[in-house]
Amino acid sequence: MSNSTLQNEISTPPKIANANVTAWVQNCASLLNPDRVVWIDGTAAERKRLIAQAVEEGVLIQLNQQKLPGCYLHRSNSNDVARSEHLTFICTPSEDMAGPTNNWLETKAAYAKLRPLFDGCMKGRTMYVIPFVMGPIGSPLAKVGVEITDSIYVVLNMGIMTRMGEVAWKQLGDSDEFTRCLHSLGDVNPERRYIAHFPLDNTIWSFGSGYGGNALLGKKCLALRIASVLGQQQGWMAEHMLLMGATSPEGKKTYIAGAFPSSCGKTNFAMLIPPKKYADEGWKITTVGDDIVWMWVDEASGRLRAINPESGYFGVVPGTSDETNPNAMAAMSRDTIYTNVALLPDGDVWWEGRTKEPPKEAIDWTGKPWTPSSGTKAAHPNSRFTAPMENNPALDPAANDPNGVPVSAIIFGGRRSKTIPLVFQAFNWVHGVYLGATLGSETTAAATGAQGIVRRDPMAMLPFIGYNIRDYLVHWFRMRKKMSDCPRIFHVNWFRKDDQGKFLWPGFGENMRVLKWIIDRCQGRAYASETSIGWMPRPKEIDLEGLSITDDQLRQLQSVSNDEVKAEILSQEELFLKLAGDLPKEMIFQRELLVTRL
Ligand code: GTP
Ligand code: SPV
Ligand code: MN
């Protein structure tokens with residue numbers, strides 16, 4: 001294509017577009033050489049048009065519109081079904097900036113390596129320009145990004161997950177402060193897949209994947225990796241956390257943030273529906289966010305406040321049902337993009353756990369005929385739904401509030417079949433940071449690689465800290481000094497199993513019983529016993545009424561074995577040794593105190 005045609009095709013940015021953005025888009029277009037450039041405006045009419053086009057191109061399959069109005073199915077490449085952590089890089093001048101837990105590429109070397117991949121990669125394709133905002137409009141923390149992509153699926157998902165279109169131009173004004181997000185599917189080949197972050201340039205280059213956190217660059221790339229760097233520099237925090245409100249029968253509202261690693265229960269906890277007894281008493285749970293929070297210390301109150309930078313949910317589908325998570329089921333009943341679930345003959349969708357009885361036949365996530373005797377999963381274990389947060393019947397009224405909500409508790413939680421009790425409370429902030437930093441969890445299908453292996457996942461942020469973990473931990477310790485009153489910190493584990501491999505705790509809505517104790521602790525209402533690992537509810541302190549759990553089973557759920565704690569301390573060395581001489585002294589002191597308590 002001649003330069004003049006290209007010029008002509010690009011010269012139609014909206015009047016409101018920012019000159020710094022148009023200049024950058026011009027540069028990118030010269031590199032990418034697309035056939036067309038489309039500026040996304042975020043309107044409903046545009047969305048309708050793009051969906052029709054995606055269906056025509058075979059990117060989306062229209063589902064049964066009577067049962068699932070506005071819902072579509074997307075099948076991703078079978079080599080592209082989860083985040084690829086080993087192909088994710090932090091690109092900085094020095095390796096020390098990325099630290100021992102990130103894959104590092106030197107900035108110039110990274111650009112040099114990736115530029116040839118992007119060179120001409122959009123020939124024959126359409127290049128979409130997506131202006132978007134992360135954060136409620138008007139929030140001082142809200143950030144503008146512009147994503148260039150050749151994936152219509154990415155455009156449609158970004159339309160749900162972010163505040164997209166004109167709002168971004170308005171927020172940006174004539175500033176140069178926007179994250180430059182460059183994305184191409186390339187040939188969707190893991191051999192040529194890079195998710196590269198350039199925090200010093202406020203830039204993300206992602207090539208070769210169309211999946212979730214690899215491709216929706218506002219999410220993990222901007223709102224966690226880039227934002228965590230900004231937060232460290234500017235004194236706020238970007239965390240992999242859910243954010244929920246709990247209203248007590250007396251009408252008192254408590255906001256709780258929770259960091260659980262990928263596929264360890266954030267969405268489900270954030271959308272929790274209290275068991276009947278609690279609902280009858282007047283307990284109500286509302287969702288602010290299910291995956292990411294940005295938190296800062298409010299100067300007037302000295303308290304931690306938080307917003308959810310996203311506007312939709314990219315949630316795990318398997319295991320979700322009318323029993324486990326009715327709010328999620330409602331949220332994904334309309335205007336939802338399903339990725340890698342099974343298709344039923346009547347245009348409905350199915351996944352493992354949706355119903356007790358599997359369907360007689362289906363088309364599996366790869367597009368092949370499937371029956372219950374196929375011996376394979378009908379839906380991919382990391383299949384997802386993308387739904388607007390407005391679809392959630394339990395959406396918190398403050399979800400769009402630029403001033404955010406005050407945080408009273410932070411909960412860390414891992415997926416641990418053994419060793420770790422249902423719930424305990426940290427002695428104080430520093431001890432809580434130690435608990436978060438040493439969080440262990442069994443790996444899941446949310447990232448490619450082996451599953452079910454316990455790894456250290458500090459604050460559930462191991463794959464998302466955009467800088468040196470040493471500085472990240474110091475940042476957590478320092479944040480305390482800015483607060484006059486700090487959130488209480490807790491640790492939970494919904495996933496402990498008995499010797500037969502069965503979950504000991506019913507989980508989901510029943511987690512309300514644990515949450516109630518947590519809230520009562522925050523309000524100074526519940527008692528606790530001091531143990532070697534922290535404060536634990538006394539017997540009878542966790543309400544079991546209506547559950548088939550005996551006091552004995554609860555004791556088993558809460559049991560702490562000194563030998564197992566010792567083994568746990570040894571396995572924490574995996575992380576401590578990586579940090580070597582850089583381990584913050586608070587971490588060393590906390591470990592020593594724990595050892596002396598055993
Ligand atoms: P990401 O979106 O990957 O960050 O995951 P997440 O932390 O939001 O996890 P999510 O709530 O989607 O849950 C992941 C899986 O764990 C799903 O299959 C859920 O059904 C299951 N799960 C969630 N909560 C519980 C629980 O309390 N008990 C049990 N047994 N399973 C749960
Ligand atoms: C996670 O893996 O933590 C997710 C899904 O929330 S993704 O957006 O793909 O990162
Ligand atoms: Mn997540």
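If you read the sequence from its start, that first residue is 1, and numbering goes on from there. Start at 1 and go down the list; that is how both ligands and their atoms are numbered.
When hydrogens are left out, the protein atom nearest atom 19 (C) of ligand 1 is Asn268 ND2, 3.6 Å; that is the closest non-hydrogen contact. Remark: minimum distance from atom 4 (C) of ligand 2 to any protein heavy atom is reached at Lys220 NZ, 2.8 Å. Among all non-hydrogen protein atoms, the one lying nearest atom 8 (O) of ligand 2 is Lys219 CE, 3.1 Å. With respect to atom 4 (O) of ligand 1, the closest heavy atom belonging to the protein is Lys266 NZ, 2.7 Å. In terms of protein heavy-atom proximity, atom 1 (P) of ligand 1 is closest to Ser263 N, 3.3 Å. From the protein, the heavy atom lying nearest to atom 9 (O) of ligand 1 is Gly265 N, 2.8 Å. For atom 17 (C) of ligand 1, the closest heavy atom belonging to the protein is Pro318 O, 3.5 Å. Counting only heavy atoms of the protein, atom 26 (C) of ligand 1 lies nearest to Phe508 N, 3.6 Å.
With respect to Arg455 and Glu85, a salt bridge is recorded, a charged nitrogen being found less than 4.0 Å from a carboxylate O. The pair Asp322-Arg354 does not count as a salt bridge, with every side-chain nitrogen at least 4.0 angstrom from each carboxylate oxygen.
Residues Tyr153 and His74 place their aromatic rings such that the two centres sit under 6.0 Å apart.
A cation-pi contact, defined as under 6.0 Å to the ring centre and within 45° of the axis, links Arg180 to Phe178.
Proximity of Lys266 to ligand 2 is not established, as no heavy-atom distance is less than 4.0 Å.
At a heavy-atom cutoff of 4.0 Å, ligand 1 is contacted by the side chain of Arg415 but not by its backbone. Neither the backbone nor the side chain of Asn325 comes within 4.0 Å of ligand 1, counting heavy atoms alone. Looking at Leu242 against ligand 1, nothing comes within 4.0 Å, counting heavy atoms. When non-hydrogen atoms are compared, ligand 1 lies under 4.0 Å from neither the backbone nor the side chain of Phe269. Looking at Arg83 against ligand 1, nothing comes within 4.0 Å, counting heavy atoms.
Draw a line from the Mn ion (ligand 3) to OD1 of Asp291 and another to NZ of Lys220, and the angle between them is 110° (to 10°).
The minimum heavy-atom distance linking Thr320 with Ala328 is given by the pair CG2-CB, 3.9 Å.
Within the 3.5 Å criterion, the main-chain N or O of Ala259 finds no donor-acceptor partner in the side chain of Glu239.
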